[in-house]
Amino acid sequence: MTVRIDEAKVFEIIEAKHPKVVLVNAPGGLLRQTKELMEKVKSKYGVKGILSGDSCFGICDTVDDDVEKLQADLAFHIGHNAAVTEVGDYTYLIDAVDDVEFREVVDTAVETLAQFKRIGLATFSQHLHELKPVREQLEGKGFQVVVGRGNSLMLEGQVFGCDFSTPFPIRDQVDAFAFLGESEFHAVGLALATGKPTFMLDPYMNEVTDMKAAAEERRKRSILAVYKALDARVFGVVTGLKEGQKMLGRSRWISKRLEMNGRKVVELAMRDVTPERLAPHREIEAFVQTACPRISVDGFTFDRPVLSIPQADALVALMEGREPGEFLERSKWIELTVGLIKK
Ligand code: SF4
């Protein structure tokens, strides 16, 4: 497997904009390639690179606000390909593509998928170019294949860990989803958000995994956390400070509803929501965080309930005597603000 960053795009931008200093951020898995690229940029153009050392988990982690603080001229955000290519005043999104092929694992998957007729396809940034050949291969085996349309942020068939807005609208047109890539994180999210049988096709190990058990485990823990929070009298409502996930309006709405239902609210803001950051607030019995929903859905290490936005909606419903329903089955678990950051 080789993940290739779109160097040509980086060079093109540098030749057009003539920056002296660039700020770069990339997910942990692409740091080696990113550092190599920064070396190339330095020797080819004499441009100094600053690598952001803050966490970078998703497209929400752009660092446009930091460009001026660091007296840089522009920023490159690596590896979260999307329908938007520029963010804010300074940031360019730079694609990265994995050259692994899915032909073999699709052949392996045919036997498992044979119980279904209509298959939805979805994947994450690095494998988007494989959707077309996989579609053709599955159609050649007699399946009906549906790929969700792109939108203002997402490319066709794309999912992020919190945004399922391309597969969600086609969930009633398919019997199951095939997720391309070795990422339980994304595949579980797809299963939870669509409520459909979901199979992860791992091209490296040539393995096909039914996500049912993992999704069910997350779903049950998410529900349990909501019911535990129902007993809490004091809530911390945490607004994330990452620039692509600032949900201040949602934090205010949730705080207000909690107070209307007799709970005390302490409003907090932080960049990374971690057990260590929450630990000092001992008087708080449960938290709602409007930053990354996966902190809550996948967070195994918190000592008190830490609810995401869909869980907070379920909590408010219960407090107000309504049924919470399948609260994780929705198109988006957070409205990413990354495409809305003003120029
Ligand atoms: S908010 Fe969404 S894009 Fe950002 S890290 Fe979480 S799942 Fe990924």
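Note that ligands are numbered from 1 as they come in the structure, with each ligand's atoms numbered from 1 the same way.
For atom 6 (Fe) of ligand 1, the nearby protein N/O/S atoms, meaning those under 2.8 Å, are Cys292 SG.
Between Phe179 and His186, the angle of the ring planes stays under 30°, which puts this pair in the parallel group of the 30/60° scheme.
For Phe177 and Phe164, the ring centers are positioned 6.0 Å apart or more.
Seen from the ring of Tyr92, Lys9 does not count as a face-on cation partner, given the 6.0 Å and 45° thresholds.
His129 is not listed as a side-chain neighbour of Asp95, based on a closest heavy-atom distance of 4.5 Å or more.
The neighbour count for Arg118 CZ, taken as heavy atoms of other residues, nucleotides or ligands under 6.0 Å away, is above 12.
Through direct or indirect side-chain contacts shorter than 4.5 Å among Ile, Leu, Val, Met, Phe, Trp and Tyr, Phe57 is connected to no other residue.
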